[in-house]
Amino acid sequence: MESILTSIKKLLGPGESYDHFDTDIIIHINSAFMVLTQLGVGPEDGFTIKDSSDKWSDFMPADNKHFEAVKTYVYLKTKLVFDPPLNSAILESINKQIAELEWRLNHAAESN
């Protein structure tokens, strides 16, 4: 399964080889994982990444399709702090998407 850092960087825009912002992006990714832990998603004792060697399968089993939205959630949360949109309508849309994903991921965690 793909590297967490690499996949989030791809969605944010910096190329895989451009590592100038890796520390910033890792910090924001780990903040999103902290929220997911509080929602009951992922390992009970929490989860963090250190570099591009950490994979999505380290956070969730590859065969559990109920949590595929975790990738979108981590991206959106990271984008909001790393590269927030200037347009208030886009910001509101992203915040609504995050709220819906939080509800759905929490529901999926409680159902499993």
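The figures that follow rest on heavy atoms only: side chains count, while hydrogens, waters and symmetry mates do not. Note that the structure is predicted; figures quoted are calculated from it, not measured. Quick note: residue numbers are just sequence positions, from 1.
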> Just how far is it from atom CD1 of Ile29 to atom OG1 of Thr48, taken to the nearest 0.5 Å?
Replying inline: 11.0 Å

>> Contact between Ser31 and Val81 at the side-chain level, heavy atoms closer than 4.5 Å - yes or no?
In response: no

> Under 3.5 Å, is there a donor-acceptor pair between the side chain of Lys9 and the main chain of Ile25?
Replying inline: no

>> Would Phe47 and Ile4 count as a side-chain contact (heavy atoms from CB on, under 4.5 Å) here? Give the steps.
In response: CA-CA 12 Å; Phe47 183 82; Ile4 295 169; 3.7 Å; yes

> If you look at every heavy atom in Tyr73 and Val35, which pair is closest and at what distance?
Replying inline: OH-CG1, 3.0 Å

>> For Leu36 versus Leu105, what's the shortest heavy-atom pair and its separation?
In response: CD2-CD1, 3.8 Å

>> Applying salt bridge (charged side-chain N to carboxylate O under 4.0 Å, His left out) to Glu92 and Lys96, what does each step give before you reach the verdict?
In response: CA-CA 6 Å; Glu92 182 180 345; Lys96 285 182 179 182; 3.3 Å; yes

>> Using 30° and 60° as the class boundaries, would you call the ring planes of Phe33 and Phe59 parallel, tilted or perpendicular?
In response: tilted

> Hey, quick one: are Ile90 and Leu12 part of the same hydrophobic cluster, counting side-chain heavy atoms closer than 4.5 Å, chains of contacts allowed?
Replying inline: yes

> Does the side chain of Ile8 come within less than 4.5 Å of Phe82's, by heavy atoms?
Replying inline: no

>> Please report the interatomic distance OG1(Thr78) to CD1(Ile27), rounded to the nearest 0.5 Å.
In response: 11.5 Å

> Lys55 and Ser52: which non-hydrogen atoms are nearest, and at how many Å?
Replying inline: NZ-O, 3.6 Å

>> Does Lys77 form a side-chain contact (heavy atoms from CB on, under 4.5 Å) with Met34? I'd like the steps, not just the answer.
In response: CA-CA 11 Å; Lys77 290 289 277 187; Met34 184 212 58; over 6 Å; no

> Can you tell me how far CE of Met60 sits from NZ of Lys71, rounded to the nearest 0.5 angstrom?
Replying inline: 4.5 Å

> Any side-chain heavy atom of Ile26 sitting closer than 4.5 Å to one from Leu5?
Replying inline: yes

>> Is the shortest side-chain heavy-atom distance between Ile98 and Leu80 below 4.5 Å?
In response: yes

> Do you know which two heavy atoms are closest between Gly40 and Ala109, and how far apart they sit?
Replying inline: O-CB, 3.2 Å

> Do you know which two heavy atoms are closest between Ser53 and Asp58, and how far apart they sit?
Replying inline: O-OD2, 4.2 Å

> Got a second to check how far His28's NE2 is from Thr23's OG1, nearest 0.5 Å?
Replying inline: 10.5 Å

>> Which label fits Tyr18 and His20: parallel for a plane angle under 30°, tilted from 30 to 60°, or perpendicular past 60°?
In response: tilted

> Can you tell me if CD on Glu16 sees more than 12 non-hydrogen neighbours from other groups inside 6.0 Å?
Replying inline: no

> Between Asn30 and Ile49, which heavy-atom pair has the shortest distance, and what is it?
Replying inline: OD1-N, 2.7 Å

>> Are Leu76 and Leu91 connected into the same hydrophobic cluster when the rule is that any two of I, L, V, M, F, W, Y join if their side-chain heavy atoms are below 4.5 Å apart?
In response: yes

